[in-house]
Amino acid sequence: QVQLEESGGGLVQPGGSLRLSCAASGFPLDYYAIGWFRQAPGKKREGVSCISSSQGSTYYRNSVKGRFTISRDNAKKTVYLQMNSLKPEDTAVYYCARRWSLCGSTWYTNGADFGSWGQGTQVTVSS
């Protein structure tokens, strides 16, 4: 059974850090790009970051560049999103999803061409 499961969310103060994990099962993670997406209340889902399969090319939306780092450990079948210098506007439910091989040219949008979505993990940045 193909499954992606997010973990690592929580409540953190502004300026704090969290590391999200996306654990894959039921398929060979090596061949898939993994995207991280988020959706805040009343807002559309948006792409946060993506890492491709083979060369591990990474992509970030402008608002998180320099603060977030995506990485993958294919041996552990897990993709990580290290989030530093968190801001209240980062508050959202964060999801991971997969796409064959590459992130594609529209990864930063709503992830319509990504699949096997996880259940999400809540990130709340508040003092």
Side-chain angles (χ1 to χ4, degrees):
Q1 181 181 356
V2 172
Q3 190 171 359
L4 292 171
E5 184 173 3
E6 305 91 341
S7 62
L11 173 63
V12 64
Q13 292 186 342
S17 298
L18 284 173
R19 188 177 79 158
L20 305 184
S21 297
C22 173
S25 60
F27 68 97
L29 180 64
D30 316 48
Y31 295 106
Y32 286 83
I34 298 294
W36 281 100
F37 302 82
R38 66 187 180 188
Q39 187 166 21
K43 294 188 176 181
K44 295 181 179 179
R45 187 171 64 198
E46 62 184 17
V48 176
S49 182
C50 188
I51 185 166
S52 67
S53 61
S54 55
Q55 297 184 358
S57 299
T58 58
Y59 306 90
Y60 302 92
R61 72 180 304 107
N62 287 338
S63 61
V64 307
K65 281 181 181 178
R67 300 189 297 122
F68 290 10
T69 303
I70 191 170
S71 61
R72 64 192 298 152
D73 185 335
N74 288 334
K76 294 184 177 180
K77 301 198 73 174
T78 302
V79 174
Y80 304 97
L81 185 68
Q82 178 69 43
M83 306 187 298
N84 299 329
S85 303
L86 282 162
K87 304 176 180 180
E89 51 263 42
D90 295 317
T91 295
V93 178
Y94 283 70
Y95 302 89
C96 61
R98 67 173 188 167
R99 186 179 187 273
W100 177 258
S101 186
L102 302 177
C103 292
S105 60
T106 60
W107 67 268
Y108 56 90
T109 59
N110 63 2
D113 56 347
F114 283 71
S116 305
W117 294 80
Q119 82 289 348
T121 186
Q122 176 70 48
V123 172
T124 302
V125 185
S126 175
S127 55

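Values reported hereafter were calculated over all heavy atoms of this structure, with side chains retained and with hydrogens, waters and symmetry mates removed.
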Intermediate values then yes/no, ring pair (Phe, Tyr, Trp, His ring centres under 6.0 Å), Trp36 and Tyr95: CA-CA 6 Å; Trp36 281 100; Tyr95 302 89; 9.3 Å; no

- prompt: Is it true that Lys77 and Asp30 have a side-chain N and a carboxylate O under 4.0 angstrom from each other?
  reply: no

Looking at [Y], is its backbone amide N or carbonyl O close enough to the side chain of [X] to form a donor-acceptor pair, meaning the two atoms are under 3.5 Å apart?
{"X": "Ser52", "Y": "Leu102", "result": "no"}
{"X": "Arg72", "Y": "Ala33", "result": "no"}
{"X": "Gln39", "Y": "Lys44", "result": "no"}
{"X": "Thr78", "Y": "Lys76", "result": "yes"}

- prompt: side chain to side chain donor-acceptor pair (under 3.5 Å) with Thr124: which residues, sequence neighbours excluded?
  reply: Gln122

field: Contacts of Asp113 that satisfy side chain to side chain donor-acceptor pair (under 3.5 Å) - sequence neighbours left out
entry: Arg99

Would you give the length of the straight line joining atom [atom1] of [X] to atom [atom2] of [Y], rounded to the nearest 0.5 angstrom?
{"X": "Gln3", "Y": "Ser25", "atom1": "CD", "atom2": "OG", "answer": "4.5 Å"}
{"X": "Ser127", "Y": "Leu11", "atom1": "OG", "atom2": "CG", "answer": "9.5 Å"}
{"X": "Glu5", "Y": "Cys96", "atom1": "CD", "atom2": "SG", "answer": "9.0 Å"}
{"X": "Arg19", "Y": "Thr69", "atom1": "CZ", "atom2": "OG1", "answer": "11.5 Å"}
{"X": "Asn74", "Y": "Ser53", "atom1": "CG", "atom2": "OG", "answer": "8.5 Å"}

ILVMFWY network linking [X] to [Y], side-chain heavy atoms under 4.5 angstrom:
{"X": "Trp117", "Y": "Val2", "value": "no"}
{"X": "Ile70", "Y": "Tyr31", "value": "yes"}
{"X": "Met83", "Y": "Tyr80", "value": "no"}
{"X": "Val79", "Y": "Tyr60", "value": "yes"}

My understanding is that only residues two or more places apart in sequence, or in another chain, count here; which of them pass side-chain contact (heavy atoms from CB on, under 4.5 Å) with [X]?
{"X": "Val12", "result": "Leu18, Leu86, Val125"}
{"X": "Ser7", "result": "Ser21"}
{"X": "Ser17", "result": "Gln82, Asn84"}

Mind listing the closest non-hydrogen atom pair of [X] and [Y] along with its distance?
{"X": "Val123", "Y": "Gly9", "answer": "CG2-CA, 4.1 Å"}
{"X": "Ser126", "Y": "Pro14", "answer": "C-CD, 3.6 Å"}
{"X": "Leu29", "Y": "Asp73", "answer": "CD2-O, 4.5 Å"}
{"X": "Ala97", "Y": "Leu4", "answer": "CA-CD1, 3.6 Å"}

field: Reference residue Phe68; test side chain to side chain contact (heavy atoms under 4.5 Å, CB included); the match among Thr58, Val48, Leu20
entry: Val48

query: Parallel, tilted or perpendicular: which describes the rings of Tyr32 and Phe27, with under 30° parallel and over 60° perpendicular?
result: perpendicular

query: For the residue pair Phe37 and Phe114, does the interplanar ring angle fall in the parallel (under 30°), tilted (30 to 60°) or perpendicular (over 60°) class?
result: perpendicular

message: Would Tyr94 and Arg38 count as a side-chain hydrogen bond (donor to acceptor under 3.5 Å, both in side chains) here? Give the steps.
response: CA-CA 4 Å; Tyr94 283 70; Arg38 66 187 180 188; 3.0 Å; yes

- prompt: Can you find a side-chain donor-acceptor pair between Arg98 and Ser116 that sits under 3.5 Å?
  reply: yes

Under 3.5 Å donor-acceptor pairs involving side-chain atoms of residues 105-112, not counting sequence neighbours:
unit_1 : atom_1 : unit_2 : atom_2 : d
Thr109 : OG1    : Thr106 : O      : 2.6
Asn110 : OD1    : Ala112 : N      : 3.1

